[in-house]
Amino acid sequence: MNQFLKFTPILKEKVWGGEKLTTILRKNSIKTTIGESWEISDVENDTSIVANGALKGKSLKELIATYKSALVGEKIFQHFGEKFPLLIKFIDAKKALSIQLHPNDTLAQERHNSFGKTEMWYVMQADPNANLIVGFQKDSNQQEYLEHLEKKSLLEILNVDEVSEGDVYFIPTGRIHAIGAGVLLAEIQQTSDITYRIYDWDRPNPDGTYRELHTDQALDAIDYKAQNNYSTNYKKKENATSEIVSCPYFTTNVLPITKDMSVDHSDKDSFVIYMCVKGNVRFSYQNHQEELHYGETLLVPASMKYFEILTTEEAELLEVYIK
């Protein structure tokens, strides 16, 4: 395979969604409650479709079936077969999302025949005082949690962080979390759409119904232990990749670019995904070039080990792959 792949974003309306995905990230929609843009997806009934080049119109499923390890990498194909292992999104929370968590691989397999959902967030823009809910303030337990859930006072025991551009949060399975109003972020996660919603602010849908809560299922999926600090500390180095998150499911680097650079992925047995979180760049391979603008995502097949990233401005990319 020797084509940079861009996909048509799958836009999701949400009761908490807004307009930043269309106004700031220039996604194509006239709707005013777009909460998520699924950039690369192999979730059932939401498979990404190629938007560029000779493979335009092909689905991600078709690509994996045809190109196998040339697309995803030898070990990844052996482990996941024709299932793409990551789901890549941009999220705009005009209103707060529900307080929620995700089950681990074992629970998700038992209950839903699905992967679990470990994920990470990279904050791209945040309104003044915007925040994220992540984890407990101090170690808790099922009894204390249920008491506060019943009294609708969960915020008394949950950790709330005010956030700004560039903040990173790693969300392992079991960790309670919610994106607060006014946050625009990039999300990298396992391919799974299993969420246990535990509190939804008593907020009705447009038709007056309420979204389902998963109180019982969540109880033995919650991690009640607290951390000293939930945000991820990392350093940036111009024109070089710096690792910000690494786990068995994905590794994410940040790459600030101020000049043209050559890329060598000969050490990786994996596809590599680039999310543009600042500026604009061009990817160049032999005679093939593909532009990547702010708020866009690109998939580089595992077989493409050497290429160039060109820019005439300050830009920043998230680089995602599986070790």
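Starting from 1, each residue takes its place in the sequence as its number.
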- Message: Could you walk me through whether E13 and K31 satisfy the salt bridge (Lys or Arg N to Asp or Glu O under 4.0 Å) test, starting with their C-alpha distance in whole Å, then the side-chain angles of each, then the deciding distance to 0.1 Å, before giving a yes or no?
- Response: CA-CA 8 Å; E13 282 194 276; K31 305 269 177 66; 3.5 Å; yes
- Can we say K152 and D202 salt-bridge, meaning some charged N sits less than 4.0 Å from an Asp/Glu carboxylate O? yes
- Query: Any chance the side chains of H148 and S153 put a donor and an acceptor closer than 3.5 Å?
  - Reply: yes
- Message: Looking only at side-chain N and O atoms, does S98 offer a donor or acceptor that is under 3.5 Å from a partner on Q100?
- Response: yes
- So, are E39 and K89 salt-bridged, with charged N and O less than 4.0 Å apart? no
Distance-only criterion, 3.5 Å: show the donor-acceptor pairs between side-chain atoms of residues 75-85 and protein atoms not counting sequence neighbours.
residue : atom : partner : partner atom : Å
Q78     : NE2  : E74     : OE2          : 3.3
K83     : NZ   : D42     : O            : 2.6

- Quick one: do K20 and D127 make a salt bridge, cutoff under 4.0 Å? yes
- For residues T118 and I171, determine if any side-chain heavy atom of one lies less than 4.5 Å from a side-chain heavy atom of the other. no
- Electrostatic pair K323-E243, nearest N-O below 4.0 angstrom: yes
- Do T297 and I273 come close enough that some side-chain heavy atom pair is under 4.5 Å? yes
- Does the side chain of Q109 pick up a donor-acceptor pair with the side chain of D105 at under 3.5 Å? no
- Query: Would H112 and Y196 satisfy ring-ring contact (aromatic ring centres under 6.0 Å, His included), going step by step from the backbone distance to the final call?
  - Reply: CA-CA 12 Å; H112 314 285; Y196 292 165; 5.8 Å; yes
- Query: Taking NZ, NE, NH1 and NH2 as the nitrogens, is one of them in D220 or R111 under 4.0 Å from a carboxylate oxygen of the other?
  - Reply: yes
- Note on the structure: For F136 and A226 the tightest heavy-atom approach is O-CB, 3.5 Å
- Judged by modelled atom types alone, do T195 and D193 share a side-chain donor-acceptor pair under 3.5 Å? no
- Same cluster for V183 and V134 if Ile/Leu/Val/Met/Phe/Trp/Tyr side chains link at under 4.5 Å? yes
- Message: Below 30° counts as parallel, above 60° as perpendicular, anything between as tilted: where do the rings of F283 and F307 land?
- Response: tilted
- Task: Any chance you could lay out the side-chain contact (heavy atoms from CB on, under 4.5 Å) test for N131 and D161, step after step, and finish with the verdict?
- Result: CA-CA 5 Å; N131 60 47; D161 284 357; 5.8 Å; no
- Message: Which residues pass the ring-ring contact (aromatic ring centres under 6.0 Å, His included) test with H288, not counting sequence neighbours?
- Response: F4
- Query: Should the pair E290-R282 be classified as a salt bridge under the 4.0 Å nitrogen-to-oxygen rule?
  - Reply: no
- State whether the side chain of T209 and the backbone N or O of N205 hold a donor-acceptor pair below 3.5 Å, judged by distance alone. no
- Query: Quick one: does L299's side chain get under 4.5 Å of L71's, heavy atoms only?
  - Reply: yes
- Task: Might you point out which heavy atoms bring F250 and Q189 nearest each other, and give the distance in Å?
- Result: CE2-CA, 4.2 Å
- Query: Salt bridge between E316 and K236, side-chain N to carboxylate O under 4.0 Å?
  - Reply: yes
- Message: Minimum heavy-atom separation for G279 and E313, please, with both atom names.
- Response: CA-OE1, 3.8 Å
- Roughly how far, to the nearest 0.5 Å, is the NZ atom of K27 from the OG1 atom of T8? 10.0 Å
- Task: Ignoring hydrogens and angles, tell me if any N or O in the side chain of R211 forms a donor-acceptor pair with the backbone of V15 under 3.5 Å.
- Result: no
- Is the backbone of L97 close enough, under 3.5 Å, to the side chain of W201 for a donor and an acceptor to pair up by distance? yes
- Is a salt bridge present between K305 and D267, judged by a nitrogen-to-oxygen distance below 4.0 Å? no
